[in-house]
Protein chains: 2
Amino acid sequence: MGVPRAERRRRTEARILDAARVLFAELGYERATIRGVARRAEVDPALVMQYFGSKQELFQQAVRMTPPADGELDAEGAVEHVLGSLTMKLGELPQGSLAMMRSMLTHPEAAASARQVLSRQIDRLAEAMPGDDARLRAALMTLTMLGITVGHQLLEIDELRGVPQEELARLLRPSLRALTGQEVS
Amino acid sequence: MGVPRAERRRRTEARILDAARVLFAELGYERATIRGVARRAEVDPALVMQYFGSKQELFQQAVRMTPPADGELDAEGAVEHVLGSLTMKLGELPQGSLAMMRSMLTHPEAAASARQVLSRQIDRLAEAMPGDDARLRAALMTLTMLGITVGHQLLEIDELRGVPQEELARLLRPSLRALTGQEVS
DNA sequence: GATTTCGCTCAACAGTCGTTGACTCAACGA
DNA sequence: TCGTTGAGTCAACGACTGTTGAGCGAAATC
């Protein structure tokens with residue numbers, strides 16, 4: 001089989017990264033082992049080290065993702081933007097995001113990464129919202145979605161199993177809208 | 001000093017349990033070690049095993065808590081009940097709850113325990129809410145609070161740091177109320 | 001006061017983990 | 001064709017973990 005060396009290398013590296021994402025997402029940073037990743041990628045554990053240097057760097061590479069391009073939003077667009085992230089999440093939330101979320105409570109590096117992602121989202125929402133406590137309300141919106149995503153994707157709460165994303169969006173829209181508007185004392 | 005044997009035993013056991021709760025809450029199940037718990041309780045690691053049998057049982061004992069007694073609730077009381085759990089949580093959320101939450105995404109046993117606690121809360125809220133999708137809306141309310149608690153207590157999101165609980169309750173009340181009421185198609 | 005009980009410690013075992021260095025062998029460039 | 005590079009493997013090290021059994025010494029029992 002005439003597979004060039006560079007190509008082979010790229011494929012194996014990708015296979016390792018995919019395996020790492022799956023295991024980190026399923027088990028979290030601690031329980032996922034280099035040996036397990038290697039076994040799933042059909043590769044020797046030492047090769048994982050040779051390519052990624054350490055378990056820590058493997059995790060960072062597996063979790064790294066491109067931040068979504070941002071445009072301007074108004075208050076109403078903010079609600080739909082948050083609900084949109086829900087829609088994406090209920091479909092095929094990227095394995096890397098799941099890996100980050102799975103470990104964010106127990107692995108310091110994952111926690112830092114999660115804080116950064118959430119902070120970016122909060123910034124974006126706050127710009128679109130009136131009032132001086134806009135950041136606080138934006139944070140509450142973001143954490144609301146975090147809770148629902150955690151409950152659905154990671155804890156697999158029964159009540160959310162198999163509920164179509166449109167219905168969730170429909171139920172959540174008034175609730176999120178209430179966090180957007182400026183209250184009257 | 002004449003401290004009776006039974007009393008001494010009880011004190012040491014309590015010291016170990018307290019240490020376990022703190023470490024499980026700070027580090028999660030995996031990173032918290034029997035040796036670490038023993039060191040913090042100023043005791044030999046073997047004693048922890050002798051008293052609790054295994055790390056798993058130590059965790060269960062540390063996390064076990066008495067479910068709050070439940071009375072009747074109406075739809076409006078449900079919102080205040082959820083907000084009340086927030087109030088408690090922002091003050092001195094018991095170390096055992098923090099330990100459970102910290103590990104719920106990475107430790108299967110903690111996940112099961114969390115599901116049970118959340119399920120109980122969902123049941124309680126659903127009874128107080130009208131409509132056939134009451135359980136779903138109750139789940140969304142519960143997960144909303146979970147997200148905010150996680151963000152505040154475990155991820156320590158900057159935006160929530162030092163915000164008085166009354167203001168959080170004030171901002172969240174309309175949002176939660178929107179999840180309670182029956183929508184008109 | 002002698003004996004038993006038991007809270008507690010000490011030292012070690014077995015397993016798993018991340019990580020490393022020496023090695024094999026096929027693809028590559030001259 | 002020959003030497004070189006580099007993808008990939010093998011076996012092992014050292015550290016850390018949960019867990020165990022033997023033993024010590026003071027409190028309890030008679």
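Proteins come first, then strands; the chains are lettered A, B, ... in the order of their sequence lines, and each starts at number 1.
- In this structure, the side chains of B/Glu80 and B/Leu83 come closer than 4.5 Å at one or more pairs of heavy atoms.
- Atom CD1 of B/Ile34 and atom P of C/dC10 are 17 Å apart (whole Å).
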All N/O contacts under 3.5 Å from nucleotides 28-30 of chain D to the protein, with atom names and distances to one decimal?
from: D/dA28; atom 1: OP1; to: B/Arg5; atom 2: N; distance (Å): 3.0

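- Judged purely by atom type and a 3.5 angstrom limit, A/Lys55 uses its side chain to pair as donor or acceptor with the backbone of A/Ala32.
- Between B/Asp18 and B/Arg15 there is no salt bridge, since no side-chain nitrogen of the basic residue lies less than 4.0 Å from a carboxylate oxygen of the acidic one.
- Taking 4.5 Å as the limit, every side-chain heavy atom of B/Arg124 sits out of range of all side-chain heavy atoms of B/Arg120.
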Where do N or O atoms of nucleotides 8-11 of chain D meet protein N or O atoms at under 3.5 Å, pair by pair?
from: D/dG8; atom 1: OP1; to: A/Arg8; atom 2: NH2; distance (Å): 3.3
from: D/dG8; atom 1: OP1; to: A/Thr12; atom 2: OG1; distance (Å): 3.0
from: D/dG8; atom 1: OP2; to: A/Thr12; atom 2: OG1; distance (Å): 3.1
from: D/dG8; atom 1: OP2; to: A/Tyr51; atom 2: OH; distance (Å): 2.7
from: D/dT9; atom 1: OP2; to: A/Asp44; atom 2: N; distance (Å): 2.8

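- Between the P atom of C/dT19 and the CE atom of A/Met49 lies a distance of 4 Å, rounded to the nearest Å.
- Taking a cutoff of 4.0 Å between a charged side-chain nitrogen and a carboxylate oxygen, B/Glu156 and A/Arg115 do not qualify as a salt bridge.
- Between the CD atom of B/Glu7 and the P atom of C/dC6 there is a distance of 17 Å, rounded to whole Å.
- Summarising the geometry of B/Arg102 relative to B/Leu154, their closest heavy-atom pair is NH1-O, 3.6 Å, with the distance given to 0.1 Å.
- Although no hydrogens or angles enter the test, the distance criterion places a donor-acceptor pair under 3.5 Å between the side chain of A/Ser103 and the main chain of A/Tyr29.
- Between A/Arg35 atom CZ and D/dC13 atom C1' the separation is 11 Å, expressed in whole Å.
- Distance, B/Ile16 CD1 to C/dC8 P: 8 Å, rounded to whole Å.
- When the P atom of C/dC17 is taken as reference, atom NE2 of A/His107 falls 17 Å away, rounded to whole Å.
- Annotation: side chain of A/Thr106 is not in contact with side chain of B/Leu105 (no heavy-atom distance under 4.5 Å).
- Other residues, nucleotides and ligands contribute over 12 non-hydrogen atoms within 6.0 Å of the CD atom of A/Glu7.
- The partner of D/dC13, taking Watson-Crick or G-U wobble pairs whose two distances both stay under 3.5 Å, is C/dG18.
- Contact annotation for B/Ala32: backbone-only contact, meaning every heavy-atom pair under 4.0 Å involves sugar-phosphate atoms and none involves a base.
- Separating the CZ atom of B/Arg39 from the C1' atom of C/dT9 is a distance of 16 Å, rounded to the nearest angstrom.
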